[in-house]
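Quick notes on the structure that follows.
A, B, ... follow the sequence lines: proteins, then strands. Residue 1 opens every chain.
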Amino acid sequence: MAVQPRKDVVVIGYGAAAGPVSLELAQDGRSVIVLESGKRRTTEQDFQRGSFDTLRWRTRGEMLPGPERAPMTYRKSEDEDALPASYIMASTVGGASVHWSGQSWRYYEDDFRVKSRIEELYGDTGRLDYLQEDRAAIQDWPISYDEVEPFYEKAEWQIGIGGWPGNIDGEIRPVNPEEGNPYEAPRKRDYPFRPLRDNATDLTFRQGALELGLRPFHVPTAITTETWTSDLGITRPGCTYCAFCTSHGCWNASKSSSLVSLLPAAEELDNFEIRTEAHVIRLNHENGRVTSVTYVDEQGDVHEQPGDIFILGAYTFQNVRLMLHSGIDANGQIGKYFINRPSIKVSATFDDRYLNGWNGPAVQRQGVDDFNGENIAERKLELAEDAFFIRGAFIGSPSQRFPLQTFGDHPDDIRGWGAEYKDYFTENLNRYISLQLLMEPLPYEDNYIDLDPNYTDRFGVPAARVTNRVHSNEERMGRFIHDRGVEILEAAGASRIWGRAEATARPTMTHDLGGARMGDDPANSATNRYCQVWTMPNLFVGGGAVAPTMSGHNPTETIWMLSYWMSDAIRNGKVNLDDASDFS
Amino acid sequence: MTTQQPPTSQRPPWTQLSRRGVLRIGVGGTAAAIAYHASALDLLAQEQQGYAVFNVTDGRTIEAIVERIWPESDTPGAVEIGVPRYIDNALIGAYQHKQLDYHKGLRNLDAAARRMHGTVFAALEPDQQTALLESMENDELDEFDEGEGSEFFSTIHQHTMEGLFADPIYGGNKDMAAWRAVGYPGPFYAISEQSQQSFEPLDLPMQSITDL
């Protein structure tokens with residue numbers, strides 16, 4: 001085993017979570033090595049003409065991690081055997097931020113204090129007992145929106161996230177009275193550029209939402225819409241609306257990612273290095289500190305990389321799996337409180353118009369937050385007791401409806417093949433809409449990640465085993481949100497609407513949070529407020545694993561924010577690398 | 001990036017056997033004994049067309065299946081669109097691990113056809129084929145182990161859709177006929193605001209990756 005030269009900072013994985021912290025710590029003068037399991041793909045070499053290929057990138061998933069390196073298994077509950085499942089993040093430099101959709105939000109103020117908020121709103125109504133029966137494990141974040149607001153701003157201006165502001169210093173929709181999320185938490189600074197324009201699908205959704213008195217807006221997007229120079233001095237061109245977006249690398253470098261927004265700045269620094277196809281299989285530790293990591297290179301040779309600070313920057317499953325496999329779980333908190341979004345469905349076709357849903361990026365998307373978070377607390381209290389739920393969902397109108405992606409969604413009374421199906425699909429591909437229904441699930445004691453006793457990767461490291469099911473709150477929310485989606489499409493004039501109101505658990509989607517949640521107390525959390533592992537103080541957890549609750553918004557901007565937040569704490573000595581309980 | 005056929009020696013064993021089988025049929029003049037309506041010349045033409053994985057029997061069966069999934073109407077069906085060619089290409093390439101599943105599944109389906117109708121699947125009437133596929137999809141055929149019928153159907157269905165709607169560079173979607181049928185013009189580097197905000201069918205030139 002070859003021992004590599006010692007580095008100040010060793011980062012495992014280079015996706016969204018690793019981008020900011022590895023740049024910031026290198027800017028601080030520290031020697032930084034990033035060990036990325038995947039290959040290096042670039043805009044110029046890999047995402048030109050070849051990116052316009054749905055079969056290659058979406059169906060066959062060329063960028064996705066395989067079970068040989070990143071295995072996971074799934075079961076709904078402890079009395080089932082877990083079976084191999086796959087997930088759709090990426091094994092490539094930049095991680096899933098390369099093939100993501102780019103829907104990018106700040107969390108609400110309430111999202112950081114769900115427990116306190118629901119107690120304020122519903123504590124004395126007697127409505128919350130079902131949550132105890134289901135063993136919901138809701139806990140406030142140890143940080144507040146006000147504290148992290150500057151780091152959201154930094155993410156927006158360094159990485160490139162555009163939108164209409166919904167709230168600047170308390171002023172609602174200050175720039176465009178028709179646009180921006182009116183419920184968003186107050187921001188100090190406007191977005192650096194505007195979001196994508198509306199397409200026919202968006203205009204249709206918006207019409208339905210306005211008809212119902214809702215307050216639709218175009219979602220904020222991490223896609224440049226004009227030639228734009230970031231606060232890091234990186235200039236990228238505006239989006240051309242080609243639509244090969246989700247699952248694809250962007251041919252035009254318009255879609256913001258750790259790859260195109262951050263890596264070029266890091267690589268200008270001599271003290272930053274990224275080593276690709278370096279697959280970390282163990283965190284070595286003694287006396288309560290990580291001393292080195294063991295990784296396997298593309299030749300199969302094994303190396304040891306020593307360092308002072310270690311940052312887990314891979315995906316939730318890999319970060320948790322590595323800690324557990326390495327025996328880092330002294331307080332029994334690693335793997336607990338896994339949160340994954342359940343799914344419901346509302347789709348429709350319109351006889352009176354064409355939407356041509358294939359002709360725009362996925363996040364060219366109008367949406368409403370009227371049913372998200374606790375924005376309709378009073379209305380929920382009017383529901384029957386067995387229909388009451390906490391939290392909510394964003395509802396939006398995605399595009400990028402290529403035939404190869406949508407052939408499987410059709411009204412229930414049509415069999416998915418044969419003459420009738422062919423007629424249906426031929427008539428309706430371009431009249432089709434399927435809503436995004438982004439429900440916020442809760443953490444539960446019986447949803448968690450541990451090591452699978454039966455399956456391993458090719459290096460013998462056990463697979464991450466996910467145990468995850470839907471509980472009453474998600475079932476009730478699913479039925480309510482489904483009906484709201486149907487109403488919007490009816491109001492928009494849809495001819496035929498179908499869907500599924502019963503929330504179903506999935507092995508995974510792309511919002512897999514928890515597993516190493518942050519908190520105030522080592523007895524019920526894995527890390528402190530700076531993502532520093534309580535029992536291993538020179539180890540930091542990047543990414544969504546630290547989230548105690550999920551929010552009804554996509555998590556990536558928050559993952560970027562947390563990476564800046566963590567770097568700031570390390571740079572400015574807010575953490576003690578010998579004692580995670582000693583921080584300021 | 002059309003998939004190249006590897007030399008015979010690298011093909012899986014049943015493929016090599018099947019190709020010898022084709023020659024025997026052609027040279028020996030026994031084509032008339034085959035239940036489906038094909039002359040030896042047809043078979044030879046098909047051989048020249050060159051399925052890499054499917055032998056003659058399996059080739060006929062797969063053609064019949066995909067045509068039932070996406071039948072000819074006022075627009076071309078799956079066979080004319082080249083779906084069998086797409087699947088064949090995929091099975092020699094990205095989906096090599098599925099070769100055995102296909103081989104076994106097609107055999108089982110033919111066995112069910114013989115049991116119920118006394119002849120192979122490809123020789124049945126379209127309605128009989130559709131009914132048989134439904135039975136396979138619903139796991140009602142004894143020829144398949146439990147769950148394998150629906151799994152095989154779901155595999156063929158998925159691959160049929162890929163052969164229809166993937167870019168023509170993969171061997172299916174011939175002349176972009178499937179895209180044309182559903183009103184998808186193919187990939188573009190840029191799409192205009194006017195196109196995006198139209199509520200009418202768009203009149204854009206058809207193109208594939210090779211035209212970009």
Side-chain angles (χ1 to χ4, degrees), chain A residues 48-56 58-60 62 196-204 239-244 248 251-252 350 352-361 364 399 401-408 415-432, chain B residues 1 65-66 68-75 77-78 86 90 94-95 126 130 133-134 137 153-154 156-167 169-170 172-173 178-179 181-193 195-202 204 207-212:
Chain A
Q48 291 303 302
R49 197 167 74 158
S51 225
F52 291 74
D53 186 340
T54 315
L55 184 77
R56 177 180 174 189
R58 183 181 174 94
T59 311
R60 296 186 180 173
E62 189 169 310
L196 299 170
R197 63 184 174 230
D198 290 332
N199 60 25
T201 303
D202 300 329
L203 295 171
T204 297
C239 176
T240 61
Y241 297 83
C242 77
F244 286 79
H248 300 258
W251 78 277
N252 201 37
F350 289 76
D352 66 346
R353 78 195 84 171
Y354 286 79
L355 302 173
N356 303 311
W358 48 265
N359 78 353
Q364 222 180 349
S399 295
R401 297 304 189 186
F402 296 131
L404 193 49
Q405 303 182 202
T406 57
F407 67 79
R415 187 186 56 197
W417 53 280
E420 189 193 4
Y421 172 75
K422 187 187 178 193
D423 285 347
Y424 160 78
F425 198 55
T426 303
E427 278 299 306
N428 288 294
L429 169 72
N430 289 337
R431 301 172 177 279
Y432 166 82
Chain B
M1 47 181 285
I65 295 172
V66 302
R68 293 283 64 78
I69 291 175
W70 190 262
E72 185 181 351
S73 56
D74 53 344
T75 62
Y86 164 81
Y95 302 154
T130 296
L133 288 176
E134 263 178 358
E137 186 184 20
F153 183 82
S154 139
I156 297 188
H157 181 268
Q158 167 69 28
H159 292 172
T160 301
M161 294 298 149
E162 292 175 12
L164 291 170
F165 299 120
D167 196 278
I169 59 172
Y170 291 96
N173 194 11
W179 285 354
V182 299
Y184 171 63
F188 293 85
Y189 279 115
I191 296 175
S192 72
E193 180 167 1
S195 288
Q196 285 207 315
Q197 298 186 345
S198 167
F199 290 101
E200 300 298 325
L202 297 179
L204 295 171
Q207 57 179 24
S208 96
I209 288 176
T210 50
D211 301 314
L212 285 175

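A 4.5 Å side-chain heavy-atom check between Gln197(B) and Asn356(A) finds every atom pair outside the cut-off. Residues Phe407(A) and His157(B) form a side-chain contact, since some pair of their non-hydrogen atoms from C-beta on lies under 4.5 Å apart.
For Asn430(A) (side chain) and Gly183(B) (main-chain N/O), a donor-acceptor pair under 3.5 Å exists by modelled atom type. For the pair Gln196(B) (side chain) and Ala200(A) (backbone), a donor-acceptor distance under 3.5 Å is absent. Panel note: side chain Thr426(A), backbone Val182(B); no donor-acceptor pair is recorded below 3.5 Å. Between the side chain of Asn359(A) and the main chain of Ser195(B), a donor-acceptor pair closer than 3.5 Å is present.
Residue Glu200(B) touches chain A through its backbone alone, counting heavy-atom pairs closer than 4.5 Å. The contact between Phe52(A) and chain B is made by backbone and side chain atoms together, counting heavy-atom distances below 4.5 Å. Using a 4.5 Å cut-off between heavy atoms, Thr54(A) does not touch chain B at all. With a 4.5 Å cut-off on non-hydrogen atoms, Leu164(B) does not touch chain A at all. Using a 4.5 Å cut-off between heavy atoms, Thr75(B) touches chain A through backbone and side chain atoms alike. With a 4.5 angstrom heavy-atom cutoff, Gln364(A) touches chain B only via side-chain atoms. Contacts of Glu72(B) with chain A are made by backbone atoms alone, with heavy-atom separations under 4.5 Å and no side-chain atom involved. Looking at Phe350(A), neither its backbone nor its side chain comes within 4.5 Å of chain B, counting heavy atoms on both sides.
Within the model, atoms CZ of Phe199(B) and CZ of Arg431(A) stand 12.5 Å from one another, a figure rounded to the nearest 0.5 Å.
For the ring pair (Phe, Tyr, Trp, His ring centres under 6.0 Å) criterion with Trp358(A), the lone passing option out of Phe188(B), Phe165(B), Tyr184(B), Trp179(B) is Tyr184(B).
Arg60(A) pairs by the salt bridge (charged side-chain N to carboxylate O under 4.0 Å, His left out) definition with nothing, not counting sequence neighbours.
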